[in-house]
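These notes are about the structure you will find just below.
Per chain, numbering begins at 1; letters A, B, ... match sequence-line order.
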There are 2 protein chains.
Amino acid sequence: MAAIGQSTHLGEGGRSEGDRRPRERTDKGTMADSGTGTRLRARRANNAPPAHGIRAPRAAKNSEIVYHDLRSDIISMTLVPGTPILEREITERYGISRTPVREAVLRLAEERLVDVLPKSGTFVSRIPLSQLREGIVARRALEEVIVRAATARATPSQILSLRAIIQKQQELADKGDEPAFHRADEEFHASIATVAHYPGIWEVIQQMRVQIERYRRLTLPQAGRMQLIVREHAAVIDAMENCDADKAVACMNVHLDKLQLDIAVFRDLWPDYFIYDPAVDTDLIA
Amino acid sequence: MAAIGQSTHLGEGGRSEGDRRPRERTDKGTMADSGTGTRLRARRANNAPPAHGIRAPRAAKNSEIVYHDLRSDIISMTLVPGTPILEREITERYGISRTPVREAVLRLAEERLVDVLPKSGTFVSRIPLSQLREGIVARRALEEVIVRAATARATPSQILSLRAIIQKQQELADKGDEPAFHRADEEFHASIATVAHYPGIWEVIQQMRVQIERYRRLTLPQAGRMQLIVREHAAVIDAMENCDADKAVACMNVHLDKLQLDIAVFRDLWPDYFIYDPAVDTDLIA
DNA sequence: TTCAATTATCTAGTATACAAGATATATTTG
DNA sequence: CAAATATATCTTGTATACTAGATAATTGAA
């Protein structure tokens, strides 16, 4: 709360402008770990390697924490559409300044989880129906690619690992632990993507799944749904084990089609939670 | 350059904490433009409507400008991988403060176009080979969905509009105007997505295309390539006009397969421009 | 000369102050 | 009382100052 003590220790002395040679990255070889050069000392020891695809594993930044917390609350519909996001309140709750909070909010805006009205306010976004519809379709297409590749590549040990996840889901379903069940569900699909060597495609799916997940949270827990999912997962793996890609894809589609059920119903139940984008039904193309 | 004059006009007076009722959004109806209520005056007149799917059309923010400029330079390979992004320099170039610059850089980091090394520096990212590979595969799958839907929905006028784009491409190819040609290429694919009522899926494709485009910029302009593309586009539309979805998809795949040609060649030519993510070839799934 | 430790100087991350605009409340006017 | 205007107070957007950490340059010792 209290202002942190600050003291000026940096004068206004002008620095020479362009004196810093842009240091080229010195680890040339892109392949494997061709650690040839001991020419350089322990440079970039604890530093994050510039390897792509891995989110910086550095110490959690405050903005990261706020982002994940807010995101989780929005996706779980704890913060329903229309809820104002008050930067000041978050600032006080976490005891941090506006900068990291703002950073988190901007990331959420990028994901369309919040709407920022310029000098007015920030609100949890309504679920865009168009994005729901398109997300479901796109996911089907991408999961098909993933399942097909996974069927071709899966080793027996990987099949077993996948079965282990299904078994865990069975146990969680018996316990009735829905949150954990859905985390395992994500793990299942992500693992298939890993087997397929398409982790990036799964990332894309997850990104689209955000809005779908918000919608799913509106649906009541249906009796036997978790058991059904377990059986559907098992069917996918059975087909994969038999190297029957077509059947695996078909099973996966059966599995995914369960989502599409009754959007209209829920849209009418909570009209304020959804938004209809008329642009989608505009037929002009030029 | 010069500091902007500032004066304190806001005292430190304490405000009552929770006195602001979170004003619910007042435009209830989600469907069409059910403009029933004249109850409210000219509220939200020039303000950005909370309609989803449309980027805020408000006055260009500085961060937006910097973001687009940097993004354009990175995608066009004007800024090659490894180039340092100096916030201070950009700050001076645009005559703005660090905040909007930082905002832009963070958005680029989200897109994996730059790598931010925490207390060290920010650099244009190398092209992730895995993302290239996955992007091409994913795009094929999603374009298939789009083409199939577009074939089912396309009206004669839309077919004509698409042919108009192809014709424009022909003219640009004759003139040899590659940049404009590629813009028209984008327009062509985007238009098909619009016809298919899947604009969001095209957005996803574009997002993945970012890295692919950087790679494409490395390839030399091959003689006759533009003419070939024109013919391939025409083939897609011909099939669409005949309501032959399978053929349209096949034609589109032929078209897209041209990209995959010779990644290995260019990777060896400019090894420093690419990065190989070993995680993709890791087979553990749990 | 070579290698290690020190110092200097850069960077991103954060905190805070101010500016510009939008909504809500209070006030005035018919 | 109703409607239009004026004022107050909130909001996001921006500017600037400072902190902590990492790289690069310098210095010193073997």
[X] side-chain N/O to [N] phosphate OP1/OP2 under 4.0 Å:
X	N	answer
A:Asn62	C:dG13	no
B:Ser97	D:dA15	yes
B:Arg102	C:dA12	no
A:Thr122	D:dT11	no

Starting at atom [atom1] of [X], determine the distance to atom [atom2] of [N], rounded to an integer number of angstrom.
X	N	atom1	atom2	value
B:Arg88	D:dA15	CZ	P	17 Å
B:Lys119	D:dC18	NZ	P	17 Å
A:Ile96	D:dT19	CD1	P	19 Å
A:Leu108	D:dT12	CG	P	13 Å
A:Lys61	C:dT14	NZ	P	6 Å
B:Arg98	D:dA17	CZ	C1'	10 Å
B:Ile85	C:dA12	CD1	C1'	14 Å
A:Glu103	D:dT12	CD	C1'	16 Å

Salt bridge check, B:Glu111 against B:Arg107: does any charged N sit closer than 4.0 Å to a carboxylate O?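 Salt bridge absent between B:Arg107 and B:Glu111.
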Does [X] reach a base, just sugar-phosphate, or nothing at all? Heavy atoms under 4.0 Å.
X	result
B:Ser63	nothing
B:Glu87	sugar-phosphate
B:Leu106	nothing

Can you confirm whether the side chains of [X] and [Y] place a donor and an acceptor under 3.5 Å from each other?
X	Y	result
A:Arg71	A:Ser76	no
B:His197	A:Arg133	no
A:Gln206	A:Arg209	no

Working note: B:Arg183 + B:Glu187, criterion salt bridge (Lys or Arg N to Asp or Glu O under 4.0 Å); need CA distance, chi angles, decisive distance, verdict. CA-CA 6 Å; B:Arg183 278 195 297 277; B:Glu187 190 188 349; over 6 Å; no
Can you say whether a donor on the side chain of B:Ser120 sits under 3.5 Å from an acceptor on the base of C:dA12, or the other way round? no
